[in-house]
Amino acid sequence: MEKLRASRHWLRRSSRSLFDRRSELNSEKSLHHSVLTRSFSGYQKRILPVCLHPLRDYRGLAEANAIQFKCFGSVAELVQRRPSFSTLNSDDISYFKGILGEKNVIQDEDTLEFANTDWMRKYKGSSKLLLQPRSTEEVSQILKYCNSRHLAVVPQGGNTGLVGGSVPVFDEVIINVGSMNKIIAFDKISGILVCEAGCILENLTSFLDNEGFIMPLDLGAKGSCQIGGNVSTNAGGLRLVRYGSLHGNVLGLEAVLANGDVLDMLGTLRKDNTGYDLKHLFIGTEGSLGIVTKISILTPPKLSSVNLAFIACKDYFCCQKLLQEAKRKLGEILSAFEFLDIEAMDLVLNHLEGARNPLPASMHNFYVLIETTGSDESSDREKLEAFLLSSMEGGLISDGVVAQDINQTSSFWHIREGVAEALMKAGAVYKYDLSIPVEKMYNLVEDMRARLGNLARVVAFGHLGDGNLHLNISSPNYDDVILAQIEPYVYEWISKHRGSISAEHGLGLMKANKIFYSKSSETVQLMTSIKKLLDPNGILNPYKVLPHSHNP
Amino acid sequence: MKIMVAIKRVVDYAVKIRVKPDKTGVEIHNVKMSMNPFCEIALEEALRIKESGLATEVVAVSMGPAQCVDTLRTGLAMGADRGIHVEAARELYPLTVARVLKGLVEVENPGLLILGKQAIDDDCNQTGQMVAGLLGWPQGTFASKVVLDKEKQIATVDREVDGGLETLCLDLPAVITTDLRLNQPRYATLPNIMKAKSKPIKKYTPEELNVEIKSDLEVVQVTEPPKRKAGVILSSVDELIDKLKNEAHVV
């Protein structure tokens, strides 16, 4: 009780300094003041155990540390800049210019504005420095220096992440590996590609296309996302159901640790059981244990026959049954199984440029995309058509089309891949990426719809083949009333069903304190120990992934 | 009235083509093949005319190797009633194709023959015009709009020409070749794909149509266009004049 009163008192004091800083923050963040006074009471029970320590340290210090607020997103949590981090000075800048050259040390405000803001324009940092190293050696020198100076850093690639993990929270130095974009080697026999972390996914796919191979992952952000970021976040995407996750496809990598040590684990062997397989420490850890600089990845051969069907189902049970049947009847040729519900389809048709409804006759409750990839055009075609026709006769499918050429294939994919973009255009979006057992998946959507009623629009789509739901709540504007209805309900629902609160997007900043909904405290404790071991000063991508109370 | 639509199986429009190492042609082995986009537009127009009640039957025709049947099945799945496949192992050039089409027209007696304006593999833009000449039929090529008048038995065709749009009135029977803006082809829906399996595809050989497969053309060599050279940024007007004079020889 005592602490409660004290913290409220602190907040009232701090809100005055907020006003002074108002000009620095963008308009979306001004929501915070109202958030503080209105909603804080609602969140007390939950935040306090986490915030107590920082608050105790903070009381006494005044304006020295800028209080950064997350724009909205999960909870209006107060993330406080860690006092142990240093601030940049001109010596630092000269040092960096000495290693990287003038051109690659960027302090220009316009470029920084872009690098400080994430793709969804939800999170904005206030970094004053962007570094663009061109080699692993340069990355190593930067990190060694930053570690000795206690300067926090954010590793950045394509900046397409959706949980605020790729942008600074405060004034962390941004290390963008985009200039390290060379393809180092490609073995045509085994299909093993070795490249630098800054290579854009689409460029790698084009390169491999000429050689007769494809990348084992494919996602909507392919035109901008970089492979280093994909690996660091263990990106999933559309082909996971066929080729598995990056944990299986990445054969080796080279990473730079917080103290500048370069860890060369760039093996190109399919099998290597010598010791602990440490590369997994850098896959999916979102840059918090090291910066990935080179990757060696196994690429599957490009098979000639790709077929895509766009199908309509009347209810979720049919979609589920269809998935079961597809895995059985299409078996080895199934390469993607995605779904969208009627709200998602409606949004896409209204907001996405160039979207054409493949089934214009009527709107259906659910749409499923089934893609097959195989080596024999006619037999794959026959298999797919036979499967679709028997499903239609069995009542699982209401209607559907099969793409007849590559143009039609692209336009069907455009619909599924464009939902995220359409959501952005439609206004504010609360985005959740959840793993749930397939039978229960749509129950969450229906529960959410019942909870929100007319407040907001619940849109569902995702990788049905992997049990991954992208739950998005769309409304014209951000509103904490809506947020209160969504969180923590959605996380608790997931926790109850032993699902994951972040199937593929990662934790980043948005879900940094949510890990306990999906992982036990002993597990998180061990993660914290590993973090302390590899990054004792906590300079790598701070405030993210692990809960704030657990960060060094 | 019957409408006959000629469709061609070509390398898919979106595929990055490569020239064969022996320079005799383009690599088509293991490459995705589909219906020529202009032929899709032609078939769509024929289907729309039939749906408006002005025609009774749409017959899709294709000539070439056995795999043409796949393309015909796509046409049937879009809504054509019957298919005709003229078997030919060798590559066919426009004049031969026109002669075969003439033979088929004499068998089927359609009121309208619709084709795509050109195939995207050879870009010839000749077949429609040649077959109209051989049949002595009026032709409306590069059609961007087609309106039929059943009573007067005429077709009003808007053509896309260099100067803009030209409107022609053709007495039926006539030949129309379609341009891009005529319509947006429909997708092949599952119920139609199902129905297509039972639609008949009749086979003919060129001999049955009294056409000899011979060509007066021989492809000597196929090469890639020369690679574009990178642009150069010049630093002064003098340098520009120097380059224009000595390298480009235009001054």
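In what follows, chains carry the letters A, B, and so on, assigned in the order in which the sequence lines appear, proteins first and then strands, with residues in each chain numbered from 1.
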Check your understanding: Does atom NZ of B:Lys199 have more than 12 heavy-atom neighbours, drawn from other residues, nucleotides or ligands, at distances under 6.0 Å?
Key -> yes
Review point. What do you reckon, is NZ of A:Lys425 surrounded by more than 12 foreign heavy atoms closer than 6.0 Å?
Key: yes
Review point. Atom CZ in A:Arg381, atom CG in B:Asp70: separation rounded to 0.5 Å?
Key: 8.0 Å
Review point. Side chain, backbone, both or neither: which part of A:Asn357 has an atom under 4.5 Å from a heavy atom of chain B?
Key: backbone
Practice item. Using a 4.5 Å cut-off on heavy atoms from C-beta on, say whether the side chain of A:Glu385 contacts that of B:Met194. Key: no
Review point. Is it the side chain or the backbone of A:Glu382 that comes within 4.5 Å of chain B heavy atoms, both, or neither?
Key: neither
Study note, to complete from the structure: Whatever's closer than 4.5 Å to a heavy atom in chain B on A:Ser411 counts as side chain
Review point. Do B:Tyr13 and A:Asp405 have side chains that get closer than 4.5 Å, going by heavy atoms?
Key: no
Check your understanding: If you take all heavy atoms of B:Asp12 and A:Ile406, which pair is closest and at what distance?
Key -> OD2-N, 2.8 Å
Check your understanding: Is any side-chain heavy atom of A:Met392 closer than 4.5 Å to a side-chain heavy atom of B:Pro191?
Key -> yes
Check your understanding: Relative to chain A, which segment of B:Arg18 carries a heavy atom at a distance below 4.5 Å: side chain, backbone, both, or neither?
Key -> side chain
Review point. Do the side chains of A:Gln404 and B:Tyr187 get nearer than 4.5 Å, heavy atoms only?
Key: no
Check your understanding: So do the side chains of A:Ile397 and B:Leu190 get within less than 4.5 Å of each other, counting heavy atoms only?
Key -> yes
**Study point:** Side chain proximity check, B:Gln67 to A:Glu377, heavy atoms < 4.5 angstrom
**Key:** no
Check your understanding: Is it the side chain or the backbone of B:Glu40 that comes within 4.5 Å of chain A heavy atoms, both, or neither?
Key -> side chain
Review point. Does atom NZ of B:Lys20 have more than 12 heavy-atom neighbours from other groups under 6.0 Å away?
Key: yes
Exercise for review: Kindly check if the number of other-residue, nucleotide or ligand heavy atoms within 6.0 Å of CD (B:Gln221) is above 12?
Suggested key: yes
Check your understanding: Can you check side-chain contact (heavy atoms from CB on, under 4.5 Å) on A:Asp209 and B:Lys16, steps first, answer last?
Key -> CA-CA 9 Å; A:Asp209 196 65; B:Lys16 272 189 227 135; 3.8 Å; yes
Point to revise | A:Ser304 vs B:Val31 side-chain heavy atoms within contact, under 4.5 Å | key: no
**Study point:** chain A contact via B:Pro185 - side chain, backbone, both or neither, heavy atoms under 4.5 Å
**Key:** backbone
Exercise for review: Count the heavy atoms of every other residue, nucleotide or ligand shown that sit under 6.0 Å from CG of A:Leu389, and state whether that count exceeds 12.
Suggested key: yes
